[in-house]
Amino acid sequence: MTRNSDVPCLAVFTFLGCLGAPVCAATESVTDAFGIFRSASPTEPLRANWAGLREVLAPMGARAETIAPGPVETILLQLGGKSLSAGGPPAESAALLFDAAGNSVADDTPVALTAGTTDPRVVATQNGIASRLISPGRAAGLFHAGAASGNRQGPRAEYQIVSNVTSITPQIIPQTEPALPETMTTLALPMLLDRDGNAVEDGIGLTLLATHADGSFSLVPAVTTGGRAEARILTRNLPQQGAVTAALTGHRSGAQPFRVAMLQPVGLPEVVARALDDAVAHDIRIGPFLTQAGHLLNDGADIAVTLTTSSGRQLRTDGWLADGMFRTVQPIVRDDFPLDLTVTTSLGTVSLTVAQPGAGR
Amino acid sequence: MTEAAKITGFDPTLYIPPELPEPPAIAALDARALVGTSDVYRGVSLNGARIKAAQDGLILTGLAVNTGTETASVVRLTALLYGPDGRPLWADAGFVDINIYPGQSAPFSMPLPDASEITVLAEVSAGDITVNGSGQPVTPPIDPSVASIPLNGLGGYSALRLSISSMTHDPQF
């Protein structure tokens with residue numbers, strides 16, 4: 001008999017059962033939480049073993065019976081939260097136990113739960129679950145957890161306890177000498193250990209904040225590797241004096257002096273002023289700004305220029321260098337010449353004069 | 001002409017602000033994050049940054065420097081501004097206009113609003129914060145004095161915290 005051919009008979013049976021006349025079935029049928037099935041049906045061999053309360057409908061009448069779950073067959077283990085830190089709050093280890101038919105095992109089934117270096121503890125199941133709290137302990141590392149009951153045990157679970165980053169106060173190794181300008185310099189931090197001596201894991205981000213004597217600041221990210229961290233700073237557009245601190249989570253290191261040797265200029269920049277055809281103004285170009293390191297002062301370097309006309313009128317402008325040059329358009333006329341310029345960059349401050357339009361220096 | 005033919009193309013500058021029928025009265029914060037282990041580049045630093053008052057608020061300027069070995073693209077600066085009471089008041093983001101190649105740098109400029117322009121609509125209490133679907137208490141906010149730049153009332157703020165993120169895609173053109 002196929003499953004489909006059962007349907008009309010079961011429908012009639014159900015109807016009669018509702019009238020209080022459980023008749024006509026040659027074999028027993030069962031109602032459980034999921035519907036009706038023939039107890040002898042070869043298509044439902046597993047369902048006959050489902051535990052719980054059910055009603056058996058037989059030719060002689062209906063009766064209720066409870067199917068108890070079988071012995072432990074499968075154990076699943078879960079251990080969490082997601083992040084366990086050394087010395088931090090406990091985590092829950094929970095084992096789910098099932099019999100061969102997938103039923104949760106009976107209450108009060110003893111289960112031995114082990115985790116890391118803690119002693120095994122026997123816990124009784126409740127609704128098929130046995131759980132206990134696991135203290136992370138004070139050592140970071142990879143640990144194993146397991147659960148066993150009867151002659152079965154679950155697959156091994158792995159969990160990691162990470163260092164307690166919030167207990168680490170970073171430090172910065174002092175510079176031994178000023179960093180050279182326009183070079184990559186490294187600020188290193190000594191080994192980052194938490195309160196229990198665990199080294200910080202790889203990939204933890206830190207922020208180094210440098211405050212400079214001229215009121216500007218620099219922000220440099222760093223990442224831990226092998227329990228240490230290094231920050232790479234390109235000494236560009238940085239004043240000579242400053243102090244740097246490192247921050248990790250809510251802790252900040254003490255300030256360490258951060259010094260940069262001054263980039264020295266080579267010669268004086270040229271100045272060329274040209275009258276614009278369509279405006280009462282002059283296009284002024286200053287540069288190139290050459291350095292003793294053999295290159296132009298970098299793109300984006302700050303520059304401030306004060307122009308003083310022959311009548312004493314002053315014009316101020318600032319901006320950034322591009323290709324070692326600075327260009328500005330100013331509302332000056334031929335009678336304003338000669339122009340005196342005071343130019344300030346990271347190479348220092350220089351005074352320049354333009355005698356007439358189209359001429360320089 | 002059909003409606004489809006009238007469509008001239010995608011306009012990336014088009015922005016239609018949301019319209020609310022009435023001013024919002026309450027606020028909640030729902031944050032979700034995943035830990036990514038790839039395409040995260042921490043090779044960009046900010047050199048010689050300054051923040052000063054401007055006509056319509058504050059202006060943050062400086063030099064973004066690529067100290068790593070990858071091409072940094074879509075370099076994003078996130079500014080978190082703390083109010084006079086030391087609590088976060090405003091967060092804003094700005095981008096460096098160009099890709100930055102290893103060892104190179106690019107100036108940036110980022111406007112920030114004055115605190116007087118900001119209207120606090122509602123307080124977000126700890127119970128209104130959900131992180132990754134969990135309402136469990138989150139780590140207390142970091143003390144604004146750690147890794148932040150004191151503003152001492154500039155623009156109506158007490159401190160500024162900056163973070164930098166970037167991608168490493170190099171389109172090769």
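Note that this is a predicted model, so its numbers are computed, not measured. The basis for the numbers below is simple: all heavy atoms, side chains too, and nothing from hydrogens, waters or symmetry mates.
- Taking OG from B/S105 and CH2 from A/W320, the interatomic distance works out to 11.5 Å, rounded to the nearest 0.5 Å.
- No side-chain heavy atom of A/H251 sits under 4.5 Å from any side-chain heavy atom of B/V146.
- Contacts between B/I164 and chain A at a heavy-atom distance below 4.5 Å involve the side chain alone, from C-beta outward.
- Heavy atoms of other residues, nucleotides or ligands lying less than 6.0 angstrom from CZ of B/R87 number 12 at most.
- Residues B/L162 and A/L209 have side chains not in contact (no heavy-atom distance under 4.5 Å, counting atoms from C-beta outward).
- Of the candidates A/T235, A/L234, A/I233, B/V65 forms a side chain to side chain contact (heavy atoms under 4.5 Å, CB included) with just one, namely A/L234.
- Heavy atoms of B/A49 lying under 4.5 Å from chain A belong to its backbone as well as its side chain.
- In this structure A/Q78 satisfies the side chain to side chain contact (heavy atoms under 4.5 Å, CB included) test with no other residue, sequence neighbours excluded.
- Partners of A/T291 according to the side-chain hydrogen bond (donor to acceptor under 3.5 Å, both in side chains) rule, which considers only residues two or more places apart in sequence or in another chain, are A/H295.
- A distance of 7.5 Å separates OG1 in B/T69 from CZ in A/R232, rounded to the nearest 0.5 Å.
- Here the CD1-OG distance, from B/I149 to A/S216, works out to 11.0 Å after rounding to the nearest 0.5 Å.
- Neither the backbone nor the side chain of B/L77 comes within contact range of chain A; no heavy atom of the residue lies under 4.5 Å from a heavy atom of that chain.
- Inspection of non-hydrogen atoms places A/F217, A/S218, A/L219, A/V220, A/P221, A/A222, A/V223 of residues 217-226 of chain A under 4.5 Å from chain B.
- Only the backbone of A/L206 comes within less than 4.5 Å of a heavy atom in chain B; its side chain stays farther off.
- Screening residues 47-64 of chain B for side-chain hydrogen bond (donor to acceptor under 3.5 Å, both in side chains), with sequence neighbours left out, gives A/D214-B/R50.
- Distance check: A/D302 CG to B/L63 CG gives 8.0 Å after rounding to the nearest 0.5 Å.
- A 6.0 Å sphere centred on CG of A/L142 holds more than 12 heavy atoms belonging to other residues, nucleotides or ligands.
- Other residues, nucleotides and ligands contribute over 12 non-hydrogen atoms within 6.0 Å of the CG atom of B/L14.
- For a residue to count as touching a neighbouring chain, one of its non-hydrogen atoms must lie under 4.5 Å from one of that chain's; by this rule A/N298 touches chain B with the side chain only.
- Formation of a donor-acceptor pair under 3.5 Å by the A/R236 side chain with backbone atoms of B/G103 is found in this model.
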